[in-house]
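Remember, it's a predicted structure, so these values are computed and weren't measured experimentally.
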Amino acid sequence: QVQLVESGGGLVQAGGSLSLSCAASGRPFRWYNMGWFRQAPGKEREFVSAISRSGDTTYYSDSVKGRFTISRDNAKNTGYLQINSLKPEDTAVYYCAASERVGVSKNSDEYAYWGQGTQVTVSS
């Protein structure tokens, strides 16, 4: 199995940027599709973005499209989420997840491995 550790969260003003990282260990990271999800207080966890094993296919939720960029470096066993033009409604705990499924999914149920999350707080 693979272990995931997120980093890069923090407190930022609206309009600012953050770079989140997801460091993988255990089995080769290239074996997994990767997703980012987030959960705000009192809300359900929601899909943010996903990327295929090779990095050639990416998906974004409508709420982040054009502001967030997902990427990965399989040689470094690390995934990334660049988040720009942050809004207060982006405040949440951000989780990276890995899936062994064939296709890239937006469904959190298809991700078996999860990190512990990193807090992103956006002040207005």
Side-chain angles (χ1 to χ4, degrees):
Q1 59 182 9
V2 64
Q3 293 78 43
L4 305 172
V5 178
E6 303 95 333
S7 61
L11 173 63
V12 64
Q13 289 188 332
S17 299
L18 284 172
S19 294
L20 306 186
S21 296
C22 175
S25 61
R27 290 182 176 176
F29 186 50
R30 66 182 185 279
W31 289 7
Y32 303 89
N33 294 316
M34 184 187 74
W36 286 92
F37 296 80
R38 67 186 181 186
Q39 186 166 20
K43 295 186 177 182
E44 293 187 353
R45 185 168 52 191
E46 65 171 350
F47 169 77
V48 174
S49 184
I51 189 168
S52 61
R53 290 170 174 82
S54 65
D56 59 357
T57 300
T58 58
Y59 294 118
Y60 297 93
S61 69
D62 288 342
S63 62
V64 307
K65 194 173 297 183
R67 299 188 297 123
F68 290 17
T69 303
I70 192 170
S71 62
R72 65 190 296 161
D73 186 337
N74 288 337
K76 295 182 178 180
N77 289 319
T78 304
Y80 305 97
L81 186 68
Q82 177 66 36
I83 49 180
N84 299 326
S85 303
L86 279 160
K87 305 175 182 180
E89 52 264 41
D90 293 319
T91 294
V93 177
Y94 284 69
Y95 300 90
C96 70
S99 171
E100 296 171 299
R101 299 294 182 101
V102 173
V104 184
S105 176
K106 302 178 183 180
N107 185 348
S108 61
D109 290 341
E110 299 192 3
Y111 290 81
Y113 307 101
W114 293 81
Q116 83 289 349
T118 186
Q119 176 71 48
V120 171
T121 303
V122 184
S123 63
S124 57

Which value, rounded to the nearest 0.5 Å, describes the distance between [X] atom [atom1] and [Y] atom [atom2]?
| X | Y | atom1 | atom2 | value |
| --- | --- | --- | --- | --- |
| Q3 | S25 | CD | OG | 4.5 Å |
| F68 | N84 | CZ | CG | 8.5 Å |
| M34 | C22 | CE | SG | 6.0 Å |
| Q116 | S7 | CD | OG | 8.5 Å |
| L4 | Q1 | CG | CD | 10.0 Å |
| I83 | S19 | CD1 | OG | 8.0 Å |

Legend entry - Verdict with supporting geometry, V48 and L81, side-chain contact (heavy atoms from CB on, under 4.5 Å): CA-CA 10 Å; V48 174; L81 186 68; 4.2 Å; yes
Legend entry - N74 vs R72 side-chain heavy atoms within contact, under 4.5 Å: yes
Legend entry - R67 vs D90 side-chain heavy atoms within contact, under 4.5 Å: yes
Taking all non-hydrogen atoms of both residues into account, name the closest pair between [X] and [Y] and its distance.
| X | Y | result |
| --- | --- | --- |
| R45 | S108 | NH2-OG, 4.0 Å |
| Q119 | V93 | OE1-CG2, 3.2 Å |
| I70 | W36 | CD1-CD1, 3.5 Å |
| V120 | L18 | CG1-CD1, 3.8 Å |
| A14 | S124 | CB-CA, 4.4 Å |
| V122 | T91 | N-OG1, 2.9 Å |

Inset, instruction - Dump the intermediate steps for side-chain contact (heavy atoms from CB on, under 4.5 Å) on S17 and Q82, then the final yes or no. - result: CA-CA 8 Å; S17 299; Q82 177 66 36; 3.9 Å; yes
Inset, instruction - Decide, yes or no, whether a salt bridge links E100 with R27 under the criterion of side-chain N to carboxylate O below 4.0 Å. - result: yes
Legend entry - Residue pair N33, S52: steps toward the side chain to side chain donor-acceptor pair (under 3.5 Å) verdict: CA-CA 5 Å; N33 294 316; S52 61; 5.1 Å; no
For the backbone of [Y] and the side chain of [X], can you confirm whether one donor and one acceptor N or O come within less than 3.5 Å of each other?
| X | Y | value |
| --- | --- | --- |
| S99 | Y111 | no |
| R53 | G103 | no |
| S63 | S61 | no |
| N77 | A23 | no |
| E6 | T118 | no |
| S49 | Y59 | yes |

Is there a path of hydrophobic side-chain contacts, each under 4.5 Å between heavy atoms, that joins [X] and [Y]?
| X | Y | result |
| --- | --- | --- |
| L20 | L86 | yes |
| Y80 | Y94 | no |
| V12 | V64 | yes |

Inset, instruction - Return yes if a side-chain donor-acceptor contact under 3.5 Å exists between S105 and N107, otherwise no. - result: no
Legend entry - Parallel, tilted or perpendicular: ring planes of Y113 versus Y32, cut at 30 and 60 degrees: perpendicular
Inset, instruction - Can you label the angle between the F37 ring and the F47 ring as parallel, tilted or perpendicular, going by 30° and 60°? - result: perpendicular
Legend entry - Q39 vs E46, side-chain contact (heavy atoms from CB on, under 4.5 Å): CA-CA, chis, key distance, verdict: CA-CA 6 Å; Q39 186 166 20; E46 65 171 350; over 6 Å; no
